[in-house]
Q: 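Just dropping this structure here.
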Amino acid sequence: MIYDSEPENENDSNRVEMSWSDNIEERLNMIIEESKDKSIKHISHAKCKKRLYYITSSVSIIIPFVITFINAVNETSYYKHDYELMNIVLIMLSGVVNSLNTFFNWGKKHGDHDIASIRYSELKNEVETVLIVKRRYRSPADVTLRNFTNQIQALNKYSIDL
């Protein structure tokens with residue numbers, strides 16, 4: 001909402017840009033380090049979740065195949081064996097593995113950790129790009145610091161937990 005009591009030119013002329021200082025650059029370097037650290041941690045968690053997902057998915061696929069194979073071999077053999085108990089155990093094992101995979105949702109968590117890692121890495125690269133430029137050619141320090149602080153806070157708040 002624009003108030004008529006304050007002329008627009010007065011607001012513009014009162015604006016003073018914050019100058020770049022070592023303290024601001026130090027704070028941005030802390031954001032770089034935090035982003036780098038969290039990106040690495042998310043990569044590690046993503047690899048772990050990926051392994052769990054592939055192991056449980058593989059078991060879920062292999063067990064029904066084994067049951068079918070055993071039953072087919074049993075039906076075609078001259079001597080019939082009673083594999084009913086083994087089939088029941090394998091079906092129960094398959095159900096447990098599927099339940100674990102569904103409950104913990106390792107595939108989705110793998111993707112979420114990958115996305116978080118990429119976002120932290122992108123933030124690190126953006127801050128490094130700003131710090132490479134000479135101070136006099138950068139955007140205002142207060143605006144830049146607020147922007148990157150808001151980005152790191154949003155990433156910390158909305159990324160999957162470590």
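What's counted below: heavy atoms across the whole structure, side chains too, no hydrogens, waters or symmetry copies.
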Q: State the NZ-NE2 distance between Lys47 and His110, to the nearest 0.5 angstrom.
A: 10.0 Å
Q: Does any non-hydrogen side-chain atom of His113 lie less than 4.5 Å from one of Leu162?
A: yes
Q: Could you state the interatomic distance from NZ (Lys108) to CG (Asp112), rounded to the nearest 0.5 Å?
A: 3.5 Å
Q: Quick check for you: to the nearest 0.5 Å, what is the distance between Lys49 atom NZ and Asn105 atom CG?
A: 11.0 Å
Q: Got Tyr120 and Lys36 here, is their nearest side-chain heavy-atom distance under 4.5 Å?
A: no
Q: May I have all residue pairs that pass ring pair (Phe, Tyr, Trp, His ring centres under 6.0 Å) and include part of residues 129-149, sequence neighbours excluded?
A: none
Q: Do Val127 and Ser35 have side chains that get closer than 4.5 Å, going by heavy atoms?
A: no
Q: Which residues end up grouped with Ile88 if you chain together Ile, Leu, Val, Met, Phe, Trp and Tyr wherever their side-chain heavy atoms are less than 4.5 Å apart?
A: Met92
Q: Is there a donor in the side chain of Ser39 and an acceptor in the side chain of Ser121, or the other way round, less than 3.5 Å apart?
A: no
Q: For Ile160 and His42, work out which heavy atoms get closest and say how close.
A: O-CE1, 3.1 Å
Q: Please report the shortest heavy-atom distance between Ser117 and Ile43, naming the atom on each side.
A: OG-CG1, 3.0 Å
Q: Please examine the side chains of Arg119 and Ile115, heavy atoms only from C-beta on, and report whether any two atoms are closer than 4.5 Å.
A: yes
Q: Where do Ser19 and Ala141 come nearest, in terms of heavy atoms and distance?
A: O-CB, 3.7 Å
Q: Out of curiosity, Ile67 CD1 to Ile91 CD1, how far, rounded to the nearest 0.5 Å?
A: 4.5 Å
Q: Taking the side chain as everything from C-beta on, heavy atoms only, tell me whether Ile152 gets closer than 4.5 Å to Asn156.
A: yes
Q: Hey, any chance Met30 and Ile24 share a hydrophobic cluster, counting ILVMFWY side chains that come within less than 4.5 Å of each other, even indirectly?
A: no
Q: Under 4.5 Å side-chain heavy-atom separation, chaining through any Ile, Leu, Val, Met, Phe, Trp or Tyr, what else clusters with Trp106? Say none if it is isolated.
A: Leu52, Tyr53, Tyr54, Val96, Leu100, Phe103, Phe104
Q: Apply side-chain contact (heavy atoms from CB on, under 4.5 Å) to Leu145 and Trp20, showing your working.
A: CA-CA 10 Å; Leu145 182 60; Trp20 284 91; over 6 Å; no
Q: Given side-chain contact (heavy atoms from CB on, under 4.5 Å), test Lys41 with Asp37 step by step and report yes or no.
A: CA-CA 6 Å; Lys41 286 180 181 178; Asp37 181 52; 3.4 Å; yes
Q: Got Ser57 and Asn101 here, is their nearest side-chain heavy-atom distance under 4.5 Å?
A: yes
Q: Would you say the side chain of Thr144 lies within less than 4.5 Å of the side chain of Arg138, judging by non-hydrogen atoms?
A: no
Q: Regarding Asn29 and Glu33, do their side chains bring together a donor and an acceptor under 3.5 Å, going by distance alone?
A: no
Q: Does Thr149 form a side-chain contact (heavy atoms from CB on, under 4.5 Å) with Arg27? I'd like the steps, not just the answer.
A: CA-CA 9 Å; Thr149 302; Arg27 173 66 182 127; 4.2 Å; yes
Q: About how many Å separate CG of Leu90 and CD1 of Ile62, when rounded to the nearest 0.5 Å?
A: 12.0 Å
Q: Hydrophobic clustering (ILVMFWY, side-chain heavy atoms < 4.5 Å, transitive) - are Ile63 and Val66 grouped together?
A: yes
Q: Could you tell me if the side chain of Gln151 sits less than 4.5 Å from the side chain of Leu155, heavy atoms only?
A: no
Q: Can you tell me how far apart CD (Gln153) and NZ (Lys157) are? Round to the nearest 0.5 Å.
A: 9.5 Å
Q: Looking at Arg135 and Ser21, what are the two nearest heavy atoms and their distance?
A: NH2-C, 3.5 Å
Q: Okay, side chain of Asn98, backbone of Ser94: is any donor-acceptor separation there less than 3.5 Å?
A: yes
